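Below: one structure, written as structure tokens.
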Amino acid sequence: MDLNIKVNDKNHLDIGGADAIDIAEEFGTPTFVIDENRIRENYNRFYGAFSKYYPDFKVFYACKANTNLAVMKILESEGCCIDAVSPGEVYTAKKLGFDGQRILFTGNNITNDELKFVHEQGAVLNIDSVSALERLAKVVDPEGLKISFRVNPMVGAGHHAHTITGGVMSKFGIMDNEASEVYQQAIDLGFTPIGMHSHIGSGILDPEPFKLAVESTMDIAGKVHEDTGIDFEFIDFGGGIGVPYTPEENVVDLDKFAEVNIGLFKEKLEEFDMGSPTMYLEPGRFLVADACVLLVTVNSVKQSYRKFIGVDGGFHTLLRPAMYDSYHHIVDASRMDAPNTQEVDIAGNVCESGDLFARDRP
Ligand SMILES: *Cc1c(COP(=O)(O)O)cnc(C)c1O
């Protein structure tokens with residue numbers, strides 16, 4: 001286990017060398033505290049693990065994980081690129097100094113105006129449907145424009161049904177058996193398709209489904225290469241690399257993950273004679289999750305049918321527990337050595353019964 005939880009000599013929670021209680025007193029609560037060095041470390045660990053086996057490798061931070069301007073700026077300074085899923089994220093990334101070529105836009109069900117806006121920002125468009133392709137051709141000049149497609153590798157994985165983004169139930173991507181036809185259609189419209197993308201889900205701790213997705217995406221890319229003659233400049237396997245949330249979960253063995261998946265990637269490049277395109281990955285939470293802490297203050301303790309510990313934040317501060325039933329580890333930052341003597345519900349301050357951070361938590 002490694003939840004990146006540290007304790008200082010006052011038995012307070014330590015966040016990147018700062019005392020959580022001092023921060024709460026100085027800034028009030030609820031407050032998000034972000035450890036800059038941890039983000040830098042996570043980025044370098046991730047980049048290092050994969051580039052070791054395949055130097056032509058780029059990391060695109062899936063910034064929906066945390067679009068805080070300071071967080072994105074830290075990653076900008078490390079040389080990271082951005083995976084954006086909304087025009088607002090593209091706009092934000094541009095403002096922070098990412099140039100268009102460092103932004104890949106993977107939109108889903110977007111309007112003509114949004115397609116045009118993203119194109120004008122210079123971001124590379126990763127197209128999700130034939131509808132978007134045909135509409136893009138009408139709102140921009142397609143001649144020679146470099147684009148990419150998201151395909152459905154028919155594999156899905158994730159920590160919750162809502163975060164599985166591949167397979168027959170998924171709304172994302174071009175169907176595997178239609179890929180060649182769609183890439184050809186793009187060429188016929190004047191575009192220059194240069195990339196292929198897949199993203200199977202989020203919160204993946206098990207390397208097996210990821211491996212299947214790499215294999216399947218490479219088979220689709222190989223077929224498209226054979227059928228249309230496209231030489232891919234990049235192949236992108238998305239993100240979803242999980243992080244432990246509970247003390248029982250393990251961290252992903254990154255070196256093994258990289259070795260296995262890049263081994264497969266290289267095998268398939270050779271099998272289909274596809275040269276050496278740049279490999280992209282799009283980690284989101286992996287880079288930032290364990291660098292971010294939400295501090296709240298207990299203001300009420302109520303013993304009714306259950307014991308409720310009431311705090312000054314709620315699902316408007318942190319949505320995941322209410323939305324996905326997600327486990328977020330909770331500690332008493334002021335008494336890290338306090339023994340667990342009872343189990344309580346930790347409740348937020350919003351007028352809805354779903355506003356709970358945890359049930360039966362020691
Ligand atoms: C959400 C998302 C990711 C990253 O997911 P994480 O689980 O945060 O790594 C990557 N690519 C796309 C297209 C996404 O939508």
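By convention here, the first residue in the shown sequence is residue 1. Just so you know, these numbers come straight off a predicted model, no measurement behind them. All ligand and atom numbering here is 1-based and tracks the order in the structure.
- Among residues two or more places apart in sequence or in another chain, the salt bridge (Lys or Arg N to Asp or Glu O under 4.0 Å) test is passed with D312 by none.
- Residue contacts with ligand 1: G240 is placed with a nitrogen or oxygen under 3.5 Å of a nitrogen or oxygen of the ligand (distance criterion only).
- What sits closest to atom 12 (C) of ligand 1 on the protein, heavy atoms only, is D83 OD2, 3.3 Å.
- For atom 6 (P) of ligand 1, the candidate residues are A65, S202, P283, G242; the nearest heavy-atom contact is made by S202.
- The residues K52 and D255 are annotated as salt-bridged, a charged nitrogen and a carboxylate oxygen being separated by less than 4.0 angstrom.
- With a heavy-atom cut-off of 4.0 Å, H199 touches ligand 1 through its side chain alone.
- Residue nearest to atom 11 (N) of ligand 1, selected from H197, E282, R285: E282 (by heavy-atom distance).
- Distance NE2/H119 to CG/L125: 8.0 Å, rounded to 0.5 Å.
- Remark: ligand 1 atoms within the under-4.0 Å shell around heavy atoms of K64 are 1 (C), 2 (C), 3 (C), 14 (C), 15 (O).
- Looking at E134 and K138, no side-chain N of the basic residue comes within less than 4.0 Å of a carboxylate O on the acidic one, giving no salt bridge.
- Checking side-chain atoms of K266 against main-chain N and O of Y53 turns up a donor-acceptor pair under 3.5 Å.
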